[in-house]
Amino acid sequence: MKNLLYIFSLCMLITACDEEKWLETEVFSDYTSDNSYSTPQLIDIAVVKLYRGISDIRYYDIVTGSTFAYQYTTDVGVHSLTLNGQLNGWANSIVPDNGQVSHFWEKYYKIIYNANVILNRIEDVEYTSEVERNIKIGEAKFFRALAYRSLVILYGGVPLTVDEITTPKRDFVRASADAVWEQVISDLLDATQLLPGADEVEQDGRIAKGAAYHLLSEAYIATNDYPKAVAAASEVIDNLGYALMKERFGTRSTEDGDVYWDLFRRGNQNRSAGNTEAIYVSQHEFQLAGGDLFDDLPRYVMPRWRSLRDINNAPLFVNNDFKVYGGRGIGWWQPSDYVIDQIWEDSTGDIRNSEYNVFRDLVVRNPASAFFGQKMIESGAVTNFGNAFNRDWPGAMFMKCGPINNFPEEVPDNAPNSSYRERYVMRLAETYLLRAEAYLLNNQPDLAADDINEVRGRSSAPLITAGDVDLDFILDERARELFVEEERLLTLMRTGTIIERVRAYNPVHNGTFGDLEILDHQTVWPIPNGEIILNSEAVLEQNLGY
């Protein structure tokens, strides 16, 4: 200790004679908020952050559990750890002080803020190509529209700002829902003109104008302008180079399977892979520094089948079976009976429910089990599937949620938690179903049936007639086609069906696992209480009933 004090004192004596030199600092970088958006490259980095913001919300906010809140609060699933886990009970959990309620508010407004900064700064940036500048403006406007669309569906009218905020602001007031939708439509109309065509984008994952038209169709439905909704969807379907995938394709098309199975195999999601159905695809770069994100889709959705034991108490599976059966599932939320069984009752022959796409039984793979090589349910190997939530085996598992027999070699046998593939944000099948919804609401059920049949025909499902079409049928068809892809909560809130469908189909609300409540006013979520408190210079009104 004495030696250290001596060295320190000596250093002080040596430098004391030149105090200015001692205090002088050397600037290694002049990167500031003012010059962060000063070049096309820096603008593009900021735009990429917008893509990342949406991917975070949809796929990567695993710690908070928010990624799957758009599923287990609806008719297609339930949070399966405990009866009152996460947001299971609407009446008790969807309240102003809930962290997930504020989580989405904060995430979407961060995207809006970043988009506003880009749009405010980009005109001062020197571009050699105005086309390039316009594409970045189009991307920023698209993501601002996507964020506001999500906010207005979740919370109703929300504070609306399209300018960069440079100083603290505590006087936000809520705009009407109509005003928010008007801004969404305005941004998307601009984006349709500024974004490139599907074959002109810079790289996989970047959006083209088809994504803007797709979202515009939904916005027009939400504002009851059905002819314009039809026109926007028709632009995608008829004019922009998209087409449903109807033949086997991609990395594993020579194996047993079908075209729906092909859509979800690793390496098949992007247009560069020959997928003409993909409109907006969130990218996953395996083992790329800064890009190797784990979306945990198998971990959340796939059941905990590895825990199953036969009637002699022997395990049915071993660790390396994780890669065979789609990942190390935990079943943190599970599909409802509605999506496992009920939606298929009138859809015989539907490949989306085929043995390749929905596993309803598994072959026992542990040689130590007396049932080795036999199907576990068919053989009677298992007769009790565990707790009331059936996390070990709820009755089926969906192969679109896991890369069956196709994990990267570098993934250890006991750690295949991610899907290790790109994820669809938008694809053409949904565009058809949006147009069908617009046709139905415009009193054209025959044309709605035609669009639904385009989707069903690809899946070899029985075709329907105009008399079969109502909103419930469209919602069922969305569940068959878009399970875990669509933001189901937003779909049900937008269509005004969230309360009736939660009461009818959600296991913790309909008496299957419990009788929790969803209240009549919960057509929207509450405004986060923390936002109301911080907004000290104006009144940020709470939604009725909260």
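Because the structure is predicted, anything quoted here is derived from the model rather than measured.
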| field | Side-chain ion pair, Arg435 and Glu454, N-O less than 4.0 Å | value | no
Open item on the list: One thing to verify: whether Glu481 and Arg427 come together as a salt bridge, which I'm taking to mean a side-chain N less than 4.0 angstrom from a carboxylate O.
Closed with: yes
Do Asn224 and Tyr226 pair up side chain to side chain, a donor and an acceptor below 3.5 Å, judged on atom types alone? yes
Can you list the steps and then say if Asn353 with Ser347 is a side chain to side chain donor-acceptor pair (under 3.5 Å)?
CA-CA 9 Å; Asn353 190 37; Ser347 202; over 6 Å; no
- Message: Looking at Phe68, I'd like to know if the NZ or CZ of Arg299 sits under 6.0 Å from its six-membered ring centre while staying within 45 degrees of the ring's axis.
- Response: no
To the nearest 0.5 Å, atom CD1 of Ile498 lies from atom CD1 of Ile153 at 11.5 Å
- Query: Just by distance, with hydrogens left out, do Thr251 and Asn268 show a side-chain donor and acceptor under 3.5 Å apart?
  - Reply: yes
- request: Using distance alone, with no hydrogens and no angle criterion, decide if Asn270 and Gln283 have a side-chain donor and acceptor under 3.5 Å apart.
  value: yes
- prompt: Is the closest basic N to carboxylate O distance between Glu485 and Arg58 below 4.0 Å?
  reply: no
- Just checking, any donor-acceptor pair under 3.5 angstrom between side chains of Asn275 and Glu277? no
Quick note, side chain to side chain donor-acceptor pair (under 3.5 Å) partners involving residues 88-98, not counting sequence neighbours, are Asp97-Asn529
Under a 3.5 Å cutoff, is there a donor and acceptor pairing between the side chains of Asn366 and Ser369?
no
The ring-ring contact (aromatic ring centres under 6.0 Å, His included) partners of Trp305 (sequence neighbours excluded) come to Phe317, Phe322, Tyr325
* Under 3.5 Å, is there a donor-acceptor pair between the Asn510 and Arg501 side chains? -> no
Subject >> Glu477 and Arg352 ion-paired at < 4.0 Å >> reply: yes
Heavy-atom closest pair (Ala147 atom, Ile112 atom, distance to 0.1 Å) is CB-CG1, 3.6 Å
Between the side chains of Asp337 and Tyr505, does any donor sit under 3.5 Å from an acceptor? no
So, the side chain of Ser354 versus the backbone of Ile351: is there a donor-acceptor pair under 3.5 Å, distance only? yes
Here the pair of heavy atoms bringing Val76 nearest to Trp333 is O-CZ3, 3.7 Å
- Query: Considering residues, nucleotides and ligands other than Gln542, do more than 12 of their heavy atoms fall under 6.0 Å from its CD?
  - Reply: yes
Please determine whether a side-chain nitrogen of the Lys or Arg among Arg480 and Asp476 lies less than 4.0 Å from a carboxylate oxygen of the Asp or Glu. no
Sorted by chain and number, sequence neighbours left out, side chain to side chain donor-acceptor pair (under 3.5 Å) with Arg309 holds for none
Of all heavy-atom pairs linking Val184 and Arg149, the shortest is CG2-N, 3.6 Å
- Message: Assess whether a salt bridge exists between Asp75 and Arg488, defined as any Lys/Arg side-chain N lying under 4.0 Å from an Asp/Glu carboxylate O.
- Response: yes
| Are Arg458 and Asn453 linked by a side-chain donor-acceptor pair shorter than 3.5 Å? | no
All heavy atoms of Ile94 vs all of Pro526, minimum pair found to be CG2-CD, 3.7 Å
- Please confirm whether the backbone N or O of Thr465 pairs with a side-chain atom of Asp468, one donor and one acceptor, at under 3.5 Å? yes
